[in-house]
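In each ligand, atom 1 is the first atom listed, and ligand 1 is the first ligand listed. All values reported here derive from a predicted model rather than from experimental measurement.
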Amino acid sequence: MFKFLSSEPLHDPIASPAVDATAEVKCTTCYMCACRCGIRVHLRDGDNGPEVRYIDGNPDHPINKGVICAKGASGIMKQVSPARLTRPLLRKPGSDRGAGEFEPISWDRALDLLTERLARIRATDPKQFALFTGRDQMQALTGLFARQFGTPNYAAHGGFCSVNMAAGMIYTVGGSFWEFGGPDLERARLFVMIGTAEDHHSNPMKIAISKFKRDGGRFISINPVRTGYSAIADEWIPIKPGTDGALFMALLHELIRTDQIDHAFLKRFTNAPQLVVLDDCDREGLFAFDPDPARGPPGDGRNPHNKLVWDKTSGTAMNAYPEGIAEGCDPALEGHYTLADGTRVAPSFQLLRVRVASCTPEWASAITGIDATRIRQLAQEMGHAAFQQAFELPIPWTDAWGKQHPGTQARPVAFHAMRGLAAHSNGFQTIRALAVLMSVLGTIDAPGGFRHKAPYPRHIVPNYRAFNAPDMIRPNTPLNAAPLGFPAHPDELAINADGSPIRIDHAFSWEHPLSAHGMMHNVITNAVKGDPYRIDTLLLFMANMAWNSSMNTMVVREMLNRKDAAGEYMIPFLVVCDAFQSETVAFADLVLPDTTYLERHDVMGMLDRPISDFDGPVDSVRVPVVKPLGECRPFQEVLVELAGRLNFPAFTTAEGTRKFTGYPDFVVNFQPQPGIGFLMGWRGKDGTEHLRGEPNPRQWEMYAQNNCVFQHHMPEDMHYMRNWNRAYLDFAKDKGWRQKNDPIQLALYSDTLQSFRLAAQGKSAGRQPPDDLRERIATYFDPLPFWYAPLEETATDLKAYPLNAITQRPMAMYHSWDSQNAWLRQIHSHNYLHVNPVTARAAGVDDGGWCWVESQWGKVRCMLRYSEAVEPGTVWTWNAIGKADGAWQLAPGSDEARKGFLLNHLISEELPLAPAKGGAATGKTISNSDPITGQAGWYDVRVRLRPAAPDEEPVSFPQQASMPATPGVLGTASRVLTYFAGRRKP
Ligand code: SF4
């Protein structure tokens with residue numbers, strides 16, 4: 001018996017741990033969050049083979065260098081979670097979705113059922129199958145599966161997470177934060193973090209900030225809430241949610257007004273000097289170009305060829321490259337000019353200058369809540385760091401046009417931003433403004449500034465066109481392009497001839513043209529409405545759409561159960577693959593039990609999301625360290641099996657047999673280009689080639705022998721300025737990371753956005769948006785960044801709902817996965833609404849008291865805590881801690897269900913479509929998302945507070961009927977307790 005009530009310590013925390021003679025240590029990669037740290041899993045003998053004893057950080061891993069966080073160390077509790085699913089399940093005939101009544105079935109039956117259904121859909125109308133996945137790390141496989149199936153209805157979680165961050169930056173500088181790039185804190189003097197809690201890039205960011213601060217760097221955090229990283233910032237600048245774009249515009253105003261901009265950088269490496277057509281014509285707002293085909297092709301919105309600049313020295317227009325950058329030329333950044341054919345033009349920077357002229361600190365102060373004087377000082381600090389604290393590294397490099405640079409210019413002001421900027425309906429233009437701000441300071445891929453990680457930078461716009469041809473959705477035929485991509489022009493939208501969406505989520509349609517990651521948050525609503533059509537089968541992987549992954553959660557749950565006049569579910573077949581008994585599992589028709597990250601092979605490679613660092617590409621893998629629990633199977637294996645059964649061409653030999661024996665075999669042998677595969681390390685028949693080479697049958701083994709990671713160190717002259725670095729561009733093309741080796745000019749001005757606007761204005765030939773979307777496209781597809789109020793605000797009575805409400809991920813939990821984790825639940829078992837005392841007192845709610853939070857869409861009851869670490873106009877809570885009763889195998893009546901709550905109940909997945917200027921409301925609705933990218937507007941909701949009545953039951957609202965345990969669920973806590981103080985099972 002454990003002596004819980006004894007004063008005798010269970011173990012001595014400073015004594016050396018007892019040595020277990022049976023212990024074995026295996027290296028793999030953590031997946032308790034998406035940072036992908038290296039871990040060592042310590043094993044001991046158990047009843048069914050090795051079992052996990054404990055987990056620590058791998059000191060030899062380049063990402064975390066031995067550091068491990070609370071989540072990573074608690075992976076052991078995920079492994080033995082009572083919520084583990086262990087058997088395939090079929091909903092009992094006659095039972096309702098949501099009731100959670102299942103019968104266990106064999107894998108053979110589950111796969112037969114699925115194969116029969118999918119084969120029928122594929123042979124008739126492939127788009128009736130939709131595959132949407134949550135925070136997985138296997139999109140190269142899931143995307144390939146959808147493409148081979150022939151359905152465009154595929155996406156991962158990015159559309160409801162941070163696509164604004166990815167797209168806003170990639171469409172401007174060719175790369176983005178986190179996996180794609182980040183702040184060079186090694187050399188920065190000033191670090192400005194905006195809209196970032198403690199989540200993405202967790203351990204590496206903590207390590208870097210720690211060193212940065214020890215080295216005397218100054219760290220400013222701009223955020224409505226002071227938590228996580230912000231708590232250790234030298235200065236916290238509170239800001240109202242959704243107003244960051246106004247701050248950036250004012251900073252641009254100040255930097256340009258005081259001439260603290262990198263003129264040389266702007267002229268050579270950006271489109272700032274390129275001439276924009278000002279005349280009212282079909283090329284208005286596009287770049288002027290040399291029409292002589294002998295002097296290069298006209299720009300197609302993807303490549304920076306043969307645009308024009310105005311040379312101040314000669315007083316003439318010149319081709320931007322190479323004449324415009326030749327010695328003696330001085331491209332103008334300002335002024336208005338007339339070309340020889342009479343066309344009126346101006347450098348794009350002139351237009352930016354005009355744009356920011358009215359964005360004074362006083363203007364931004366009224367929007368952001370930040371004092372105008374502080375905004376001016378902030379601009380001064382940024383300019384000072386970039387220019388007065390600048391230095392040059394003795395690293396010579398040659399640019400794409402052959403100019404040799406004797407050193408590499410450092411601009412030691414670094415930024416980092418994340419979902420706080422992204423999850424607003426104005427996020428794309430806000431992030432464009434940040435990227436332009438970084439560009440005028442010259443910090444892009446410069447020492448001390450923002451640095452890319454291979455395979456970034458990409459082209460602006462990346463050379464990945466999404467599927468856009470409805471006539472290519474054919475029975476038993478793969479799509480001719482991937483379902484996701486980066487549109488550069490209206491011609492690349494996924495629309496039918498009448499302009500209606502091809503996809504079930506309306507991604508890449510006129511509603512949200514640049515929705516590069518899809519729009520998972522609209523799938524269920526649209527499918528139930530039959531807008532644009534009904535589907536047959538929805539397969540959800542790791543996506544808790546019946547709870548914390550959906551806006552308007554209660555209605556979405558009802559929609560999953562909604563039937564048509566014939567008594568058939570509106571979504572006839574719902575397949576859920578998960579490792580745990582989430583809320584969504586209860587709604588499934590078929591449940592496929594997935595493995596944990598310790599039980600399977602995984603790849604984080606260059607075809608998807610590698611773990612590269614600033615100085616070179618890095619990829620990594622997971623290898624199974626314990627065998628799967630019960631009948632659990634890795635989802636990857638299920639997909640490869642289905643692909644074989646359905647005879648997908650990429651998975652079938654010319655003789656009609658299966659190409660791959662399973663997922664590990666697929667990873668080793670699948671090659672999208674000769675010599676290029678999922679993994680870049682230990683290629684070639686004998687494993688002696690790297691980056692490119694023939695498949696190596698022993699590749700997994702070699703990764704396992706090398707900490708599950710491969711790191712390539714590029715020569716120093718490829719470390720910086722990679723948008724224009726000749727050596728790097730050639731190298732990246734040779735290694736298959738880029739299709740071309742031409743330079744990537746920063747798009748301060750976006751002619752891509754302008755091409756959509758011209759269509760909306762009816763000025764360009766070709767595709768044009770439907771009339772009720774013209775004004776929307778013309779407004780938001782502005783080629784220059786601008787700030788506008790989040791769309792929800794324009795549909796809200798702000799006097800009635802005066803407060804912003806936002807969520808964050810807690811430091812100790814990631815998504816909903818960790819709320820069933822026995823160790824982490826001891827840190828958070830329920831959440832509070834955190835409110836500034838001034839705001840809470842004005843609403844009449846006590847510290848620790850129960851209150852109602854109401855939006856125009858719904859209400860929740862929760863407990864409130866006073867907090868000085870939040871600006872008075874904002875309330876916030878931790879995300880995804882509140883649970884439906886009984887879900888995740890939490891005991892009925894657990895804190896998560898009775899005290900915890902979800903803010904999602906207050907957020908609508910749709911908004912009224914704004915009427916055209918002067919027009920009447922049409923009654924139509926549109927996704928509550930960024931109008932450019934389709935990013936879910938999670939942080940736009942407005943709320944009000946009132947105290948709960950004294951006689952109300954002190955439980956959160958809404959409450960759910962308790963979910964029963966599903967058959968086969970692990971459902972026992974005894975093994976959890978055996979890990980207490982390292983004791984063996986009694
Ligand atoms: S930061 Fe994320 S990946 Fe790294 S140890 Fe923690 S949970 Fe694991």
Item checked: Main-chain N/O of Ser230 paired with Arg226 side-chain donor or acceptor, under 3.5 Å -> yes
Notebook entry, point to check: Partners of Gln139 by side-chain hydrogen bond (donor to acceptor under 3.5 Å, both in side chains), sequence neighbours excluded?
Noted result: none
Notebook entry, point to check: Any chance the rings of Phe678 and Phe666 have centres within less than 6.0 Å?
Noted result: yes
Notebook entry, point to check: What orientation do Phe635 and Phe541 show, parallel under 30°, tilted 30 to 60°, or perpendicular over 60°?
Noted result: parallel
Note to self: Does either side chain, that of Ser210 or that of Lys206, offer a donor lying less than 3.5 Å from an acceptor on the other one?
What the structure shows: no
Next item on the list: Output, by chain and residue number, all protein N/O/S atoms separated from atom 2 (Fe) of ligand 1 by less than 2.8 Å.
Entry: Cys33 SG
Next item on the list: Answer with yes or no whether the side chains of Thr596 and Lys78 bring together a donor and an acceptor at under 3.5 Å.
Entry: no
